[in-house]
Amino acid sequence: MDWQSVHELYPVNEESIWLNNCGTVPAGRHVVERVCDYLDGYSKKGIFTDRGRFLDVRDRIKSILAGLLNCSPEELALIHHTAEGMNMVSHGIDFFRGDEVVLLENEYPSNVYPWKHLERKGVKLVVAPMEDDPDAFLKGLAERVSEKTKAVSVSAVHWCTGIPLPLNRIGKFCEDRGIEFVVDGAQGVGMRPIDVREANISFMAFSAWKWLMGPLGLGVFYVAKEKLETLKPEIVGTGSVVRDEEYLPYKTELKPTADRFTISTPNFADWIYFLASLEFLDRIGFDACIGRIYELTDLLNDGLRQIGCRVYSDRAPGVRTGITVFETPNVPASKVLEVLKNNNVVAAERLGRVRLAPHIYLLPEQLEKAVRIVGLEFGLAYGGERK
């Protein structure tokens with residue numbers, strides 16, 4: 001793959017070294033051109049423009065994602081964000097007093113707040129400890145699951161540590177006990193292989209604007225086909241029912257697919273944006289993209305180790321991730337972030353550590369520069385010795 005040509009498609013490279021791609025990803029020129037072309041067509045013909053037809057765009061997005069996740073397009077719905085999907089699950093499953101839901105320690109709020117309302121019904125929220133390796137996590141999870149556990153809801157990748165969770169093993173664990181397995185895929189989809197069938201995932205929600213390089217305010221909701229009728233839509237709209245293009249007479253029959261959860265008119269320009277990004281990634285190949293992300297992350301990790309930083313993923317040898325989390329000896333993460341920001345390197349702080357996440361449009365020399373900035377500013381030399 002000519003990664004230099006990918007690099008040149010992203011104007012952000014002219015302004016900064018963007019290393020917060022597990023947060024948001026700036027748009028590439030190919031995306032801007034596609035959206036502008038659609039808006040130009042819309043300005044001339046409105047909804048009758050042929051530069052982006054509703055059903056064609058929706059179906060193409062779902063087809064690409066279905067191939068990535070090993071599911072049917074009918075099991076996918078386009079929504080707004082992870083929190084919306086998690087609320088659909090927490091409100092749509094019949095929970096009763098005494099039931100339990102297991103969540104993840106230091107989980108992202110989108111997979112916590114949607115479950116809090118259940119406590120008013122007498123449902124107990126149990127927290128499984130964040131661990132450094134898959135075996136330790138499964139042990140901690142097993143210790144917190146009981147005969148009252150109705151659902152386990154965890155992230156595919158922990159947003160603070162970058163450590164992927166063992167989804168296939170968790171899914172088997174839940175399947176053996178008749179527990180619904182719910183996944184926040186925001187940090188995982190597009191950065192690690194996820195097979196929803198193999199992992200026995202009942203429901204998964206994820207945002208478009210991280211590893212999939214899509215727009216803010218667009219998400220995806222996966223509902224396993226055998227679970228569709230068990231999930232009651234608490235909110236319905238024009239888009240929830242069959243023959244939704246016929247406004248009258250009113251309908252009572254819901255769509256027979258996950259599309260019932262795309263409640264009403266979406267921001268269609270976001271769909272155009274997302275499709276442009278997905279087709280770009282699909283042309284390269286998702287496996288090639290994931291491999292490139294890992295390659296860049298390995299370069300970051302190696303460089304940081306050489307200047308004496310502690311890399312969090314070293315606690316889980318053999319586990320691949322596209323997120324680098326590190327600590328600089330005797331230097332607060334906030335100070336490191338300040339220095340990086342002053343040098344136009346975009347990063348984030350999580351749990352008192354610095355988090356970096358490269359994507360395919362970055363080049364190795366940009367990562368080397370970011371490491372060099374840390375080393376020079378804080379007097380670190382290779383091997384961790386002071387200059």
Let me check something: do [X] and [Y] share a hydrophobic cluster, defined by ILVMFWY side-chain heavy atoms less than 4.5 Å apart, either directly or through other members?
{"X": "Phe54", "Y": "Tyr42", "answer": "yes"}
{"X": "Ile290", "Y": "Val319", "answer": "no"}
{"X": "Leu254", "Y": "Tyr222", "answer": "no"}

What I'd like to find out is whether the side chain of [X] reaches to under 4.5 Å of the side chain of [Y], using heavy atoms alone.
{"X": "Val127", "Y": "Arg144", "result": "no"}
{"X": "Asn267", "Y": "Tyr273", "result": "no"}
{"X": "Arg97", "Y": "Lys121", "result": "no"}
{"X": "Tyr312", "Y": "Asp132", "result": "yes"}

So with a 6.0 Å cut-off around [atom1] of [X], is the heavy-atom count from everything else above 12?
{"X": "Lys124", "atom1": "NZ", "result": "no"}
{"X": "Glu253", "atom1": "CD", "result": "no"}
{"X": "Glu84", "atom1": "CD", "result": "yes"}

| message | Here's a test for you: under side chain to side chain donor-acceptor pair (under 3.5 Å), which of Asn168, Asn70, Asn200 qualifies with Asp195? | response |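 Only match with Asp195 under side chain to side chain donor-acceptor pair (under 3.5 Å): Asn70.
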
Between [X] and [Y], is there a side-chain N and carboxylate O pair less than 4.0 Å apart?
{"X": "Asp244", "Y": "Lys255", "value": "yes"}
{"X": "Arg353", "Y": "Glu349", "value": "no"}
{"X": "Lys335", "Y": "Glu377", "value": "no"}
{"X": "Asp314", "Y": "Arg310", "value": "no"}
{"X": "Asp59", "Y": "Lys62", "value": "no"}
{"X": "Glu338", "Y": "Lys341", "value": "no"}
{"X": "Asp94", "Y": "Lys232", "value": "yes"}
{"X": "Lys172", "Y": "Glu175", "value": "no"}
{"X": "Lys45", "Y": "Asp50", "value": "no"}

Would the distance check show the side chain of [X] and the main-chain N or O of [Y] forming a donor-acceptor pair, the cut-off being under 3.5 Å?
{"X": "Ser277", "Y": "Met213", "answer": "yes"}
{"X": "Lys210", "Y": "Ala208", "answer": "no"}
{"X": "Thr49", "Y": "Gly46", "answer": "no"}
{"X": "Ser43", "Y": "Asp40", "answer": "yes"}
{"X": "Gln187", "Y": "Ala156", "answer": "no"}
{"X": "Arg315", "Y": "Asp133", "answer": "no"}
{"X": "Asn342", "Y": "Val339", "answer": "no"}
{"X": "Thr297", "Y": "Ile293", "answer": "yes"}
{"X": "Trp211", "Y": "Gly322", "answer": "no"}
{"X": "Arg192", "Y": "Leu165", "answer": "yes"}

Please determine, by modelled atom types, if [X] and [Y] share a side-chain donor-acceptor pair under 3.5 angstrom.
{"X": "Thr257", "Y": "Glu75", "answer": "no"}
{"X": "Asn111", "Y": "Ser153", "answer": "yes"}
{"X": "Asn13", "Y": "Gln366", "answer": "yes"}
{"X": "Tyr113", "Y": "Asn87", "answer": "no"}
{"X": "Glu100", "Y": "Ser146", "answer": "yes"}
{"X": "Ser110", "Y": "His81", "answer": "no"}
{"X": "Arg355", "Y": "Asn20", "answer": "yes"}
{"X": "Ser202", "Y": "Glu180", "answer": "yes"}

| request: Applying side chain to side chain contact (heavy atoms under 4.5 Å, CB included), run through Leu278 and Arg283 and close with a yes or a no. | output: CA-CA 8 Å; Leu278 287 176; Arg283 282 194 298 271; over 6 Å; no

| message | Walk me through whether Glu33 and Arg29 qualify under salt bridge (Lys or Arg N to Asp or Glu O under 4.0 Å). | response | CA-CA 6 Å; Glu33 290 171 2; Arg29 288 190 175 89; over 6 Å; no

| task | Step by step, work out the side chain to side chain contact (heavy atoms under 4.5 Å, CB included) result for Thr149 and Arg177. | result | CA-CA 9 Å; Thr149 303; Arg177 292 158 180 79; over 6 Å; no

| field | Nonpolar side-chain network containing Met86, other nodes, edges under 4.5 Å | value |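 Answer for Met86: Ile79, Met88, Val89, Ile93, Phe95, Val101, Leu103, Trp115, Leu118, Val123, Leu125, Val182, Phe203, Phe221, Val223, Leu228, Leu231, Ile235, Phe261, Ile263.
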
| Apart from Leu248 itself, residues in the same hydrophobic cluster as defined by side-chain heavy atoms under 4.5 Å |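 Direct or chained contacts put Leu248 with Tyr250.
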
Specify the closest pair of heavy atoms between [X] and [Y], including all atoms of both residues, with the distance to one decimal.
{"X": "Pro129", "Y": "Phe137", "value": "O-CD1, 3.6 Å"}
{"X": "Pro329", "Y": "Gly308", "value": "CG-O, 3.3 Å"}
{"X": "Pro73", "Y": "Ser63", "value": "CG-CA, 4.3 Å"}
{"X": "Gly162", "Y": "Val325", "value": "N-CG2, 4.3 Å"}
{"X": "Ala357", "Y": "Asn21", "value": "O-ND2, 2.8 Å"}
{"X": "Cys289", "Y": "Ile284", "value": "SG-CG2, 3.6 Å"}

Quick check for you: to the nearest 0.5 Å, what is the distance between [X] atom [atom1] and [Y] atom [atom2]?
{"X": "Asn301", "Y": "Arg305", "atom1": "CG", "atom2": "CZ", "answer": "5.0 Å"}
{"X": "Leu299", "Y": "Leu367", "atom1": "CG", "atom2": "CG", "answer": "6.5 Å"}
{"X": "Ile64", "Y": "Leu275", "atom1": "CD1", "atom2": "CG", "answer": "5.5 Å"}

| Is the charged tip of Arg34 near the ring of Tyr38: under 6.0 Å from the six-membered ring centre and within 45° of its axis? |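 Because its charged atom misses either the 6.0 Å distance or the 45° angle limit, Arg34 does not stack over Tyr38.
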
| side-chain contact (heavy atoms from CB on, under 4.5 Å) with Ser16: which residues, sequence neighbours excluded? |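 Ser16: side-chain contact (heavy atoms from CB on, under 4.5 Å) contacts with Val12, Trp18, Asn344, Val346.
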
| message | Let's go through Thr262 and Arg58 carefully: what are the C-alpha distance in whole Å and the side-chain angles of both, what is the deciding distance for side chain to side chain contact (heavy atoms under 4.5 Å, CB included) to 0.1 Å, and is it a yes or a no? | response | CA-CA 11 Å; Thr262 303; Arg58 182 200 67 184; over 6 Å; no

| Near-ring test His7/Tyr361, centroid separation under 6.0 angstrom |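 Tyr361 vs His7: aromatic centres not under 6.0 Å.
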
| Centres of the Phe268 and Trp271 rings: under 6.0 Å? |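 Yes; Trp271 has its ring centre under 6.0 Å from that of Phe268.
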
| query | Between Tyr108 and Thr82, is a side chain to side chain contact (heavy atoms under 4.5 Å, CB included) present by the stated rule, with each step listed? | reply | CA-CA 10 Å; Tyr108 191 77; Thr82 305; over 6 Å; no

